[in-house]
Amino acid sequence: MIKIGVLASGRGSNFQSIIDGIRGKEIDGRIVALIVDKPEAGAVERAQANGVPYFIVERKEFAGNGEMNRKIAEILEGKKVDLVVLAGYMRIVGKELLEKFRGRMINIHPALLPSFPGLDAQKQAFEHGVKVSGCTVHFVDEGTDTGPIIEQTPVYIGDCKDAHEVSERILPYEHETMRKVVSNFSKGKYVVEGRRVRYEHGL
Ligand code: GAR
């Protein structure tokens, strides 16, 4: 059973998919902390509804990003988390956090990296006119959406009428991909060799 910490900024549907994966026994784990940087994040209500301890860590409470990241690291270390999941967390993770959780921190991105990193990936994909996009779960490193790729799911978007439709089309695949990767983390380990990631069953 792994201890999972989740960072989110918004509605928290990917957070919910982990809750559901645990409830459905696909994931052998427990979410020991949800951390949000916005008190109004929908993820908070989901935490309350599901008995997940949550922490609101707002940027304005701190003198700098480094201090904020140290606070987040302190919470996650206090809860002894094995895996940190960025589930729609819209801030850059600083080195204060990264150095404590390297190889144990993953992010979901709504495009097939390395295409369309950064903000509004679905809009970028729509405007570029690609016919296939999708989602990527990857390890977090110093860059923006540049870490080694763990899992990807392609999604056809050629008939989408706008960026909103692209987002809606990809979202259920994000949930599925996220659940699968977190499930794998709970039952084995990912080994990073350079940029390549392979999975080994059994702990
Ligand atoms: C998701 O589409 C996620 O991939 C994206 O934010 C959304 C959060 O939704 N993340 C990023 O764009 C990170 N750069 P959710 O709060 O419902 O999980």
Side-chain angles (χ1 to χ4, degrees), residues 4-23 26-27 31 33-50 52 54-59 65 69 72 83-94 97-98 101 105-128 130 132-157 160 162-183:
I4 304 162
V6 178
L7 272 59
S9 299
R11 89 198 127 173
S13 70
N14 278 289
F15 167 52
Q16 183 74 49
S17 83
I18 301 171
I19 294 173
D20 296 344
I22 292 170
R23 189 157 295 145
E26 188 186 341
I27 296 169
I31 305 177
L34 168 77
I35 299 175
V36 296
D37 62 331
K38 297 196 179 90
E40 71 276 12
V44 169
E45 278 171 43
R46 298 180 193 268
Q48 288 167 338
N50 290 281
V52 174
Y54 66 93
F55 303 83
I56 298 166
V57 182
E58 285 186 273
R59 173 66 183 80
N65 287 331
N69 285 324
I72 293 172
L83 177 68
V84 181
V85 180
L86 308 189
Y89 184 63
M90 296 308 192
R91 304 189 69 88
I92 304 287
V93 173
L97 249 175
L98 196 51
F101 294 99
M105 184 183 281
I106 63 174
N107 178 47
I108 176 92
H109 184 74
L112 293 178
L113 292 169
S115 292
F116 315 122
L119 290 177
D120 295 327
Q122 304 96 326
K123 185 159 174 274
Q124 292 183 52
F126 179 76
E127 288 176 356
H128 197 89
V130 294
V132 178
S133 190
C135 60
T136 303
V137 175
H138 63 93
F139 282 107
V140 177
D141 70 4
E142 285 77 6
T144 302
D145 304 320
T146 52
I149 292 168
I150 300 170
E151 192 61 73
Q152 292 186 301
T153 306
V155 180
Y156 184 75
I157 61 161
C160 287
D162 53 31
H164 178 71
E165 196 178 341
V166 173
S167 302
E168 299 234 299
R169 176 93 46 101
I170 293 173
L171 192 61
Y173 295 95
E174 291 188 35
H175 300 159
E176 203 179 281
T177 311
M178 175 63 94
R179 273 201 309 274
K180 178 180 169 188
V181 170
V182 176
S183 167

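Each ligand, and each atom within it, is numbered from 1 in the order the structure gives.
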[X] side, atom [atom1]; [Y] side, atom [atom2] - distance, nearest 0.5 Å:
X: Leu97; Y: Asn65; atom1: CG; atom2: CG; answer: 11.0 Å
X: Leu112; Y: Thr153; atom1: CG; atom2: OG1; answer: 8.5 Å
X: Ile19; Y: Ser13; atom1: CD1; atom2: OG; answer: 11.0 Å
X: Asp20; Y: His175; atom1: CG; atom2: NE2; answer: 9.0 Å

Give the residue and atom name of whichever protein heavy atom lies nearest to [atom], and the separation in Å to one decimal.
atom: atom 6 (O) of ligand 1; answer: Met90 CE, 3.4 Å
atom: atom 15 (P) of ligand 1; answer: Ser13 N, 3.4 Å
atom: atom 8 (C) of ligand 1; answer: Gly88 CA, 3.7 Å
atom: atom 14 (N) of ligand 1; answer: His109 ND1, 3.8 Å
atom: atom 2 (O) of ligand 1; answer: Glu174 OE2, 2.9 Å
atom: atom 16 (O) of ligand 1; answer: Gly12 N, 2.7 Å

Check the surroundings of atom CZ in Phe55: do more than 12 heavy atoms from other residues, nucleotides or ligands lie under 6.0 Å from it?
yes
Count the heavy atoms belonging to other residues, nucleotides or ligands that lie under 6.0 Å from CD of Glu45, then report whether that count exceeds 12.
no
Side-chain ion pair, Arg169 and Glu165, N-O less than 4.0 Å
yes
Only one of Val93, Ile108, Ile106 passes side-chain contact (heavy atoms from CB on, under 4.5 Å) with Leu86; say which it is.
Val93
Any N/O pair [X]/ligand 1 closer than 3.5 Å:
X: Asn107; answer: no
X: Phe15; answer: no
X: Arg11; answer: yes

Is it true that Gln16 lies under 4.0 Å from ligand 1, counting heavy atoms only?
no
I'd like to check which ligand 1 atoms, numbered from 1 as shown, lie under 4.0 Å from a non-hydrogen atom of Gln122.
2 (O)
